[in-house]
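Taking it in order: structure first as structure tokens, then the write-up.
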Amino acid sequence: QVQLVESGGGSVQPGGSLRLSCAASGSIFRINAMGWYRQAPGKERELVATITSSGSTDYADSVKGRFTISRDNAKNTVYLQMNSLKPEDTAVYYCNANILLSQIYMVRNYWGQGTQVTASS
């Protein structure tokens with residue numbers, strides 16, 4: 001019914017930048033909140049940033065001032081601009097979207113497939 005496709009991961013040196021994108025497609029009537037989560041090896045998945053349909057944002061303390069979440073509602077896409085990357089930011093990053101489905105008008109939560117981000121010298 002709905003797919004979330006992520007792109008933009010990769011490897012950078014500490015201090016570098018990456019921009020992640022996540023595009024939603026399928027039977028979408030409206031996308032409510034969208035967000036980014038990450039999971040490092042041996043750790044639980046954690047919230048990185050969220051953005052509501054009206055543009056209100058929230059960030060984990062560990063990324064405040066370095067990461068910026070944004071969205072393009074016309075393209076059903078959410079972005080994560082990551083600056084001043086640190087080795088501890090290394091993880092698989094997942095996008096998440098809370099979506100009101102068209103035709104059946106029910107709300108479902110969807111996840112992307114994940115994209116690897118590595119900050120290492």
Side-chain angles (χ1 to χ4, degrees):
Q1 290 176 317
V2 171
Q3 278 191 316
L4 300 183
V5 178
E6 301 165 2
S7 60
S11 295
V12 297
Q13 292 189 339
S17 297
L18 285 172
R19 188 191 194 211
L20 305 182
S21 300
C22 174
S25 63
S27 302
I28 298 169
F29 182 80
R30 184 183 68 238
I31 301 179
N32 299 318
M34 304 183 82
W36 290 94
Y37 293 71
R38 66 187 181 187
Q39 188 167 17
K43 294 187 177 182
E44 293 187 353
R45 190 172 297 189
E46 64 176 2
L47 172 69
V48 176
T50 60
I51 185 167
T52 67
S53 56
S54 60
S56 296
T57 59
D58 193 22
Y59 296 92
D61 288 342
S62 59
V63 307
K64 282 181 181 177
R66 299 187 298 121
F67 290 11
T68 302
I69 189 170
S70 61
R71 63 191 283 174
D72 184 333
N73 290 331
K75 296 181 179 180
N76 289 338
T77 299
V78 63
Y79 306 96
L80 186 68
Q81 177 66 44
M82 303 182 292
N83 298 328
S84 302
L85 281 161
K86 303 176 180 180
E88 51 264 43
D89 295 319
T90 295
V92 178
Y93 283 68
Y94 298 90
C95 71
N96 175 272
N98 185 268
I99 296 175
L100 176 62
L101 300 174
S102 60
Q103 298 180 337
I104 62 173
Y105 296 103
M106 295 183 72
V107 175
R108 292 286 184 267
N109 208 39
Y110 291 91
W111 291 91
Q113 80 282 3
T115 186
Q116 178 69 46
V117 171
T118 302
S120 174
S121 55

**Asked** Got more than 12 heavy atoms from elsewhere within 6.0 Å of CD, Q103?
**Response** no
**Prompt:** CE/M106 to CG/L100 distance, rounded to the nearest 0.5 angstrom?
**Reply:** 10.0 Å
**Asked** If we only count heavy atoms from C-beta on, is the N96 to W36 side-chain gap below 4.5 Å?
**Response** no
**Asked** Can you list every disulfide bond (SG atoms under 2.5 Å apart) pair that touches residues 17-98, not counting sequence neighbours?
**Response** C22-C95
**Asked** Side-chain contact, heavy-atom cut-off 4.5 Å: T50 with T57?
**Response** no
**Prompt:** How far apart are the closest heavy atoms of V63 and V48, and which atoms are they?
**Reply:** CG2-O, 3.7 Å
**Request:** Consider only side-chain heavy atoms of I, L, V, M, F, W and Y, link residues closer than 4.5 Å, and tell whether V92 and L18 are in one cluster.
**Result:** no
**Request:** May I have all residue pairs that pass ring pair (Phe, Tyr, Trp, His ring centres under 6.0 Å) and include part of residues 89-117, sequence neighbours excluded?
**Result:** F29-Y105, Y37-W111
**Asked** Roughly how far apart are N98 CG and M34 CE, rounded to 0.5 Å?
**Response** 10.0 Å
**Request:** Return each pair, listed once, that meets ring pair (Phe, Tyr, Trp, His ring centres under 6.0 Å) where at least one residue sits in residues 6-28; pairs must be two or more places apart or across chains.
**Result:** none
**Prompt:** Is there a donor-acceptor pair closer than 3.5 Å between any side-chain N or O of T115 and the backbone N or O of E6?
**Reply:** no
**Fill in**
Rounded to the nearest 0.5 angstrom, the CD1-CG distance for I51 and L80 is 10.5 Å
**Prompt:** So which pairs with a foot in residues 25-72 pass disulfide bond (SG atoms under 2.5 Å apart), sequence neighbours left out?
**Reply:** none
**Where R71 and I31 come nearest, the two heavy atoms and their spacing** = NH2-O, 3.2 Å
**Request:** Would you list the pairs meeting disulfide bond (SG atoms under 2.5 Å apart) in which at least one residue belongs to residues 29-93, sequence neighbours left out?
**Result:** none
**Request:** Kindly write out the residues that satisfy side-chain hydrogen bond (donor to acceptor under 3.5 Å, both in side chains) with T52, not counting sequence neighbours, or none if the list is empty.
**Result:** S54
**Prompt:** Which residue pairs pass the salt bridge (charged side-chain N to carboxylate O under 4.0 Å, His left out) test when at least one of the two sits in residues 51-62, sequence neighbours left out?
**Reply:** D61-K64
**Request:** Mind jotting down which residue pairs meet the ring pair (Phe, Tyr, Trp, His ring centres under 6.0 Å) criterion with at least one end in residues 54-89? Sequence neighbours excluded, please.
**Result:** none
**Listed partners of T118 passing side-chain hydrogen bond (donor to acceptor under 3.5 Å, both in side chains), at least two apart** = Q116
**Message:** Contact between Q1 and I28 at the side-chain level, heavy atoms closer than 4.5 Å - yes or no?
**Reply:** no
**Request:** Mind listing the closest non-hydrogen atom pair of L4 and Q113 along with its distance?
**Result:** O-OE1, 3.4 Å
**Item:** Sequence neighbours excluded, every pair satisfying side chain to side chain donor-acceptor pair (under 3.5 Å) that has a member inside residues 8-21
**Value:** S17-N83
**Fill in**
Applying side-chain hydrogen bond (donor to acceptor under 3.5 Å, both in side chains) to S120 and not counting sequence neighbours gives none
**Prompt:** Which heavy-atom pair separates G35 from I69 by the least distance, and what is that distance?
**Reply:** CA-CD1, 4.1 Å
**Fill in**
Value for CG (L85) from OG1 (T90), rounded to nearest 0.5 Å, stands at 8.0 Å
**Message:** Let me confirm one number: the NZ-OG distance from K86 to S62, rounded to the nearest 0.5 Å.
**Reply:** 8.0 Å
**Spatial distance of atom CG (N73) from atom OG (S53) [nearest 0.5 Å]** = 7.0 Å
**Pairwise salt bridge (charged side-chain N to carboxylate O under 4.0 Å, His left out) hits with a residue in residues 30-41, at least two apart** = R38-E46, R38-D89
